[in-house]
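A quick write-up on the structure given underneath.
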Amino acid sequence: MHVSFQHRRQRLLAQLGDAIAILPTAPEVIRNADAHYPYRGDSHFLYLTGFAEPEAVLVLDGKAGKALLFCRDKNPDSEIWDGFRYGPAAAAEAFGFDEAYSIGELDQRLPPLLANHAALYWAVGRDKGWDARITGYLQQARQQARVGKDAPQQYGDLLALIDEMRLIKDEREIAVLQQAGRISAEGHVRAMQACRPGMMEYQIEAELLYHFVRHGARQPAYESIVAGGVNACTLHYAANNARLNDGDLLLIDAGCEFNGYAGDITRTFPVNGRFSGAQRDVYEVVLAAQLAAIAAVQPGARLDAPADAALQVLVQGMLDLKLLAGSVAGVIESGDYRRFYMHGIGHFIGLDVHDVGARRPGGQWRSFQSGMCTTIEPGLYIRPDDRVPVAFHNIGIRIEDNVLVTDDGHQVYTDDVPKRIDDIEALMQPH
């Protein structure tokens, strides 16, 4: 289990050279009274360790070439209440750490560990508490100068190094992402089949969550958007408490988290199972834009290529539907299209649903590489407006899939849920 995590740590250790790095996992968070939110470790920490318990810190010693874990001790009394703990010895064995210690020893052991390292890396500026704590360790390390030990003189952002590593998914990550995509897609299919006029948005959300949990994905990757009618024109709508009306569209943006990795799918379909003429016209524009954008996901292509491809199709569609007037070039230059399409084409996806990685390092667009995973999600959102034909009012449509960049092109690994009109209508008919 721990081989891939060891490999990642070794890659990072090689980058550190004579430096040392400190990376804590996420803290537990109180929801109310003495109840906690479901615990989820820090994504960078999980990427390097696979260790999912709270109260843990990873130390990477570049000079010694070692990975050290500080974690909770075994505690039979606590385990009666809260479940299994590895403890340092078992954690070292199970996850391949060179050394492991009690988290209670961290403050004592860290200052000496910093000695005679050229640089110190941590998540600079991310957590004021940890910034202060590490400053304290540095002050203690500087006091060792009188015995001939030097404290680090240079400092760096550890997350920037890990972000670059996380951009390219390895085989294990791809397999887990594909499983998250399959479960998410099946949940969307279930929601489509269950949908009927008069249901509540939260009842459809329940269908999604049921399927996720039943297949081992106990948490959604983000708060599900189940938006009927005009609610679909609110991009991050999350109330999910309105009634679904006959003749309206339903936009669902939802995905599960499976073994730490996210799925992220959006589908838009008619509540009654049949698209109206105006709904069909707008939907076909968005679908054509999505297919054009997906086709632009190729190794070596710039990351902005899908956005450019989608925008051309969307703007031409807006002109054809009389939502806007002018030329494609003129509308793009003026930005008038933002009345109906106001977001980007997508984002990286992985351990975080909006995954890490600079899109324009040094101010220049990055190119797609095999192993990257991205979402592609164009949309059109048409609120009531005197300048807009009434038939289009309150139509909000987004179509989103997860796309893996391969050596020779791409793979849409969330296409198990239909998105062509005929396929959607066929799926939604009573059987």
Side-chain angles (χ1 to χ4, degrees), residues 2 5-6 9-10 12-13 16-29 39 41-42 44-79 81-82 84-159 161-162:
H2 56 65
F5 299 110
Q6 282 182 304
R9 294 194 293 266
Q10 289 164 359
L12 187 52
L13 282 165
L16 290 174
D18 287 342
I20 191 168
I22 303 169
L23 180 64
T25 192
E28 294 180 287
V29 179
Y39 182 71
D42 174 78
H44 292 89
F45 183 89
L46 292 173
Y47 177 78
L48 291 174
T49 69
F51 188 73
E53 293 182 17
E55 297 184 78
V57 175
L58 172 67
V59 177
L60 294 172
D61 186 335
K63 179 171 285 189
K66 289 183 177 181
L68 290 69
L69 178 72
F70 291 82
C71 67
R72 301 182 303 186
D73 291 309
K74 291 291 290 182
N75 186 324
D77 291 337
S78 294
E79 291 182 60
W81 290 92
D82 299 321
F84 174 79
R85 295 181 179 187
Y86 275 95
E93 176 68 23
F95 296 91
F97 296 104
D98 298 294
E99 300 172 18
Y101 303 96
S102 167
I103 191 67
E105 300 179 38
L106 182 68
D107 291 346
Q108 173 190 351
R109 288 184 176 273
L110 255 185
L113 282 171
L114 299 183
N116 296 326
H117 286 84
L120 170 62
Y121 284 80
W122 79 97
V124 179
R126 186 183 188 192
D127 183 302
K128 290 181 180 179
W130 269 101
D131 284 346
R133 195 167 175 178
I134 289 173
T135 299
Y137 295 145
L138 276 168
Q139 290 173 342
Q140 293 181 60
R142 289 174 185 138
Q143 294 171 6
Q144 300 175 82
R146 61 179 178 268
V147 293
K149 295 181 179 180
D150 296 324
Q153 300 297 309
Q154 297 178 334
Y155 316 107
D157 182 11
L158 179 63
L159 302 192
L161 300 179
I162 305 173

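Side chains included, hydrogens not; waters and symmetry mates left out as well; all remaining heavy atoms used. Residues take their numbers from the sequence shown, with the count starting at 1.
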Indicate, with yes or no, if the rings of F45 and Y47 have centres closer together than 6.0 Å. no

Could you give me the CA-CA distance, side-chain angles and deciding distance for L159 and L23, then say whether side chain to side chain contact (heavy atoms under 4.5 Å, CB included) is met? CA-CA 9 Å; L159 302 192; L23 180 64; 4.2 Å; yes

Verdict with reasoning, Y155 to I134, per side chain to side chain contact (heavy atoms under 4.5 Å, CB included): CA-CA 11 Å; Y155 316 107; I134 289 173; over 6 Å; no

Taking all atoms of both residues into account, what is the closest heavy-atom pair of [X] and [Y], and its distance?
X	Y	result
A21	L16	CB-CD1, 3.9 Å
S102	D73	OG-OD2, 2.9 Å
L114	P152	O-CD, 3.4 Å
L69	A56	CD1-CB, 4.3 Å
W130	V57	CH2-CG2, 3.8 Å
G96	R9	O-NH2, 3.1 Å

If only atom types and distance count, is the side chain of [X] paired as donor or acceptor with the main-chain N or O of [Y] below 3.5 Å?
X	Y	answer
D157	A123	no
E99	F97	no
Y39	A26	yes
D98	L68	no

Around K149, counting heavy atoms of other residues, nucleotides and ligands shown, do more than 12 lie under 6.0 Å from its NZ? no

K63 atom NZ, neighbour heavy-atom count above 12 within 6.0 Å: yes

Return the [atom1] to [atom2] distance between [X] and [Y], rounded to the nearest 0.5 Å.
X	Y	atom1	atom2	value
Q153	L138	CD	CG	9.5 Å
Y101	L106	OH	CG	12.0 Å
D82	E28	CG	CD	8.0 Å
I22	L120	CD1	CG	5.0 Å
Q144	D150	CD	CG	10.0 Å
T49	F5	OG1	CZ	7.0 Å

Salt bridge present between R85 and E53 (N-O < 4.0 angstrom): no

With a 4.0 Å cut-off on N to O distance, would you call D42 and R126 a salt bridge? yes

Q140 meets the side-chain contact (heavy atoms from CB on, under 4.5 Å) criterion, sequence neighbours left out, with P111, Y137

Check whether any side-chain heavy atom of R133 lies under 4.5 Å from a side-chain heavy atom of L110, and answer yes or no. no

Step-by-step side chain to side chain contact (heavy atoms under 4.5 Å, CB included) determination, F51 to L58: CA-CA 10 Å; F51 188 73; L58 172 67; over 6 Å; no

Could R109 and F70 be counted as a cation-pi pair, given that NZ or CZ must be under 6.0 Å from the ring centre and within 45° of the axis? no

Given the options I162, L12, I20, L158, Y121 meets side-chain contact (heavy atoms from CB on, under 4.5 Å) only with L158

